[in-house]
Amino acid sequence: FFFFFCFSPRQKKKTMGEEGSYQDKTKPAQIRESNILAAKALADCIRTSLGPKGMDKMIQMGDGDVTITNDGATILNKLQVYHPAAKMLVELSKAQDIEAGDGTTSVVVIAGSLLGACERLLGKGVHPTIISNAFQKAAAEACTILEGVAVPLDLSDRESLLKSVSTSLNSKVVSQYSQVLSPIIVDAAMKLAVDQSVTNIDLRDIRIVKKLEGTIEESELVDGVLFDHKASHTAGGVDRVEKAKIGLIQFCISPPKTDLDNSVVITDYTQMDRVLREERNYILELCKKIKKAGCNVLLIQKSILRDAVNDLALHFLAKLKIMVIKDVERSDIEYIHKSLGCRPVAHIDNFTADMLGSADLVEEMSVGSSRIVKVTGTAGLVKPVSILLRASNKLVLEEADRSVHDALCVMRCLVKKRFLIAGGGAPEIEVARKLAARANELTGEEAYCMRAFAEAMEIIPYTLAENAGLNPISTVTELRNRHMAGEATAGINVRKGMISNILEEHVLQPLLVSTSAITLAAETVRSIMKIDDIINTR
């Protein structure tokens, strides 16, 4: 009886289905369905933000702070996501932001579309492992197809660089200022990639200073370092120094204080006079040592426990003709060391001439109603470059900052992988067409999976058309027919509302953005498909 129970045909029928197809057990099927639904819901949330005609999201935080953006990584980062599978898409967007910087919305939309394809394949009885392996192969072939249609780029081709940066900016809130920002961004990046052998640029070497009371058209590129601080004007402090010797200190120029649990009790005024006299002599001695080293511009790191510098010290430094910039953030110390060549000093005994950096000019300048300090003619480890970003209000300024960051990431992608591809949904529809043709050569379940992957890639042109107010079905159908006729660069022109040669419209994007999006999206979908249970622990 026991033997019959284990191997009865009826038991086999429950696990293998009526015609031998795979039927999942109840709980794993429910877990997968829950994961797919949660991830698709998150993808649908930001799908309307894709493309030049995409909508913006207004995100209100618990403290009342408001953010207006259509950047996928920013939207997902601000959302409070609780479902573990949906959190994987948030991490996916962050991974795309780190790898390519742009395409953070596209990668989530592609992942959501692939999960929809997985749902349909599971409904047909295809095993999750087969789907996972087939999607891995399809993603690798998709990257190969994109490399085949890519156009090599020379970094000296300024026109192509401007076109690709403008394409990135055209999908942002600040798209109307793309002609102003594009040259600034290209010039800033190319100052770091001066040599053709450079394979990467560190965007932390480009300092962005944001200032209100202006328009984006007033933004400018500065060959040097900008400090978002004003120089000290206590006792007539210096605000312009030529042939500067710059010192960076991490100690305080103020009287030492006792520990929190100790106190000094003074009983008569003579003791008070003595304390004040000793404090004055202590600070004066520090200032004289700084001047003796040859320093005439002093950067002072912000202190938490006590004042980094007091009014008496500022008075002495002003008399010694030393320009003071205080409240330098700790996070900026490494950048200042690289760009100005001055090494941070933690104690006055180590403050010597060899620890100083140099610059041709350090001056304070007015920006609206506020003031900043500009350092030019530096002799650091890297040639510093800064962008002064202006806007009329905080919301636009923050979004302009995010847009400039994405555009700089596009430049970094082009330095890392010097190939361009067309935009406007052209590469995705070409991938879909060639993968569908490849699926016809395969047999069995793998062919179904490959075809499903190909159909899922059409979500990008479909969404671009939908967000632009076009008929998505007829637009994608026409685009597919044009590609079948051999027009590999045909894409959706959202401005004219028609299909055209997208290269002639100067809509270009880096190859790395698209290949990274497809690879990362496929990896995330594979990870979600492999999950068959969620175990909660305390």
Side-chain angles (χ1 to χ4, degrees), residues 49-54 56 67-74 97 100-106 153 155 157-193 201-226 228 365 367-368 372 374 383-415 420 423-424 494-495 505-510 512-513:
S49 298
L50 183 70
K53 300 292 184 180
D56 302 330
T67 302
I68 299 175
T69 182
N70 64 357
D71 180 56
T74 305
D97 195 29
D102 201 14
T104 51
T105 305
S106 301
L153 170 74
L155 289 181
D157 184 2
R158 180 181 169 82
E159 197 64 32
S160 295
L161 295 176
L162 287 170
K163 290 174 187 175
S164 56
V165 170
S166 296
T167 302
S168 173
L169 291 172
N170 282 337
S171 63
K172 309 295 182 186
V173 176
V174 295
S175 57
Q176 66 268 32
Y177 299 107
S178 62
Q179 298 302 315
V180 177
L181 293 175
S182 295
I184 293 175
I185 291 161
V186 170
D187 291 342
M190 291 313 296
K191 286 182 186 299
L192 299 181
I201 56 176
D202 190 352
L203 297 185
R204 290 173 296 183
D205 292 338
I206 301 175
R207 190 179 181 87
I208 299 176
V209 175
K210 300 175 287 184
K211 283 294 176 184
L212 290 170
E213 302 178 13
T215 64
I216 294 178
E217 293 172 333
E218 295 176 45
S219 300
E220 60 177 302
L221 182 68
V222 177
D223 284 334
V225 179
L226 292 179
D228 194 7
M365 54 188 287
V367 179
I372 61 174
K374 180 169 75 170
K383 188 176 182 181
V385 58
S386 303
I387 297 174
L388 178 60
L389 205 56
R390 306 286 300 277
S392 56
N393 63 70
K394 183 183 175 184
L395 295 177
V396 175
L397 186 61
E398 294 293 335
E399 181 61 14
D401 181 32
R402 287 188 286 268
S403 303
V404 168
H405 173 265
D406 284 0
L408 285 171
C409 288
V410 166
M411 286 296 299
R412 186 183 64 185
C413 288
L414 292 174
V415 172
L420 283 170
V494 294
R495 289 180 182 153
E505 302 296 330
H506 309 315
V507 180
L508 300 169
Q509 64 185 33
L512 185 61
V513 172

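- Atoms NE2 and CZ, on His405 and Arg412 in that order, are 6.5 Å from each other to the nearest 0.5 Å.
- Contact record, Leu226 with Val222: CD1-CG2, 4.0 Å, taken as the closest heavy-atom pair.
- Applying the side-chain contact (heavy atoms from CB on, under 4.5 Å) test to Lys383 and every residue at least two apart in sequence or in another chain returns nothing.
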Begin with the C-alpha distance, continue with both residues' side-chain angles, and end with the deciding distance and a verdict on side-chain contact (heavy atoms from CB on, under 4.5 Å) for Ile185 and Met411.
CA-CA 8 Å; Ile185 291 161; Met411 286 296 299; 4.2 Å; yes

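- Between the Ser49 side chain and the Gly54 main chain, no donor and acceptor come within less than 3.5 Å of each other.
- The closest side-chain heavy-atom distance from Leu388 to Lys211 is below 4.5 Å.
- With sequence neighbours excluded, the residues that form a side-chain contact (heavy atoms from CB on, under 4.5 Å) with Asp56 are Ile68, Asn70, Val173.
- Partners of Arg402 under the side-chain hydrogen bond (donor to acceptor under 3.5 Å, both in side chains) rule, at least two apart in sequence or in another chain, are Glu399.
- Listed by chain and residue number, Lys338 satisfy the side-chain hydrogen bond (donor to acceptor under 3.5 Å, both in side chains) test with Asp205 (two or more places apart in sequence, or in another chain).
- Asp223 pairs with exactly one of Lys191, Lys374, Arg207 by the salt bridge (Lys or Arg N to Asp or Glu O under 4.0 Å) rule, that one being Lys191.
- Between Lys210 and Asp228 there is no salt bridge, since no side-chain N of the basic residue sits under 4.0 Å from a carboxylate O of the acidic one.
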For side-chain contact (heavy atoms from CB on, under 4.5 Å), just list the numbers for Leu155 and Val415, CA-CA rounded to whole Å, side-chain angles, deciding distance to a tenth of an Å, and then say yes or no.
CA-CA 7 Å; Leu155 289 181; Val415 172; 4.3 Å; yes

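- Residues Ser175 and Asn170 approach most closely at CB-O, 3.4 Å, considering heavy atoms.
- Put simply, CD1 on Ile216 and OG on Ser392 are 7.5 Å apart, with the number rounded to the nearest 0.5 Å.
- Using a 4.5 Å heavy-atom threshold, the side chains of Asp157 and Lys163 count as separate.
- To the nearest 0.5 angstrom, Leu420 atom CG is 4.5 Å from Leu153 atom CG.
- When every heavy atom of Ser386 is checked against every heavy atom of Gly224, the shortest pair comes out as OG-O, 2.7 Å.
- A salt bridge (charged side-chain N to carboxylate O under 4.0 Å, His left out) check over residues 169-187, counting only residues at least two apart or in different chains, returns the pairs Asp71-Lys172, Arg158-Asp187, Lys172-Asp406.
- Taking all atoms of both residues into account, the shortest heavy-atom contact from Thr104 to Gly72 is OG1-N, 3.5 Å.
- Smallest separation of non-hydrogen atoms from Leu414 and Ser164: CD1-OG, 3.3 Å.
- Between Cys409 and Asp102, the shortest heavy-atom contact is CB-N, 4.5 Å.
- Applying the side-chain contact (heavy atoms from CB on, under 4.5 Å) rule to Gln176 yields no partners; only residues at least two apart in sequence or on another chain are considered.
- Put simply, the side chain of Leu181 reaches to within 4.5 Å of the side chain of Leu389, judged on heavy atoms.
- The shortest side-chain heavy-atom distance between Val385 and Leu221 falls under the 4.5 Å cut-off.
- Gln509 places none of its side-chain heavy atoms less than 4.5 Å from the side chain of Val410.
- Between the side chain of Thr167 and the backbone N or O of Leu508 there is at least one donor-acceptor pair closer than 3.5 Å.
- Side-chain atoms of Ser219 come within 3.5 Å of backbone atoms of Arg390 as a donor-acceptor pair (strictly under, hydrogens ignored).
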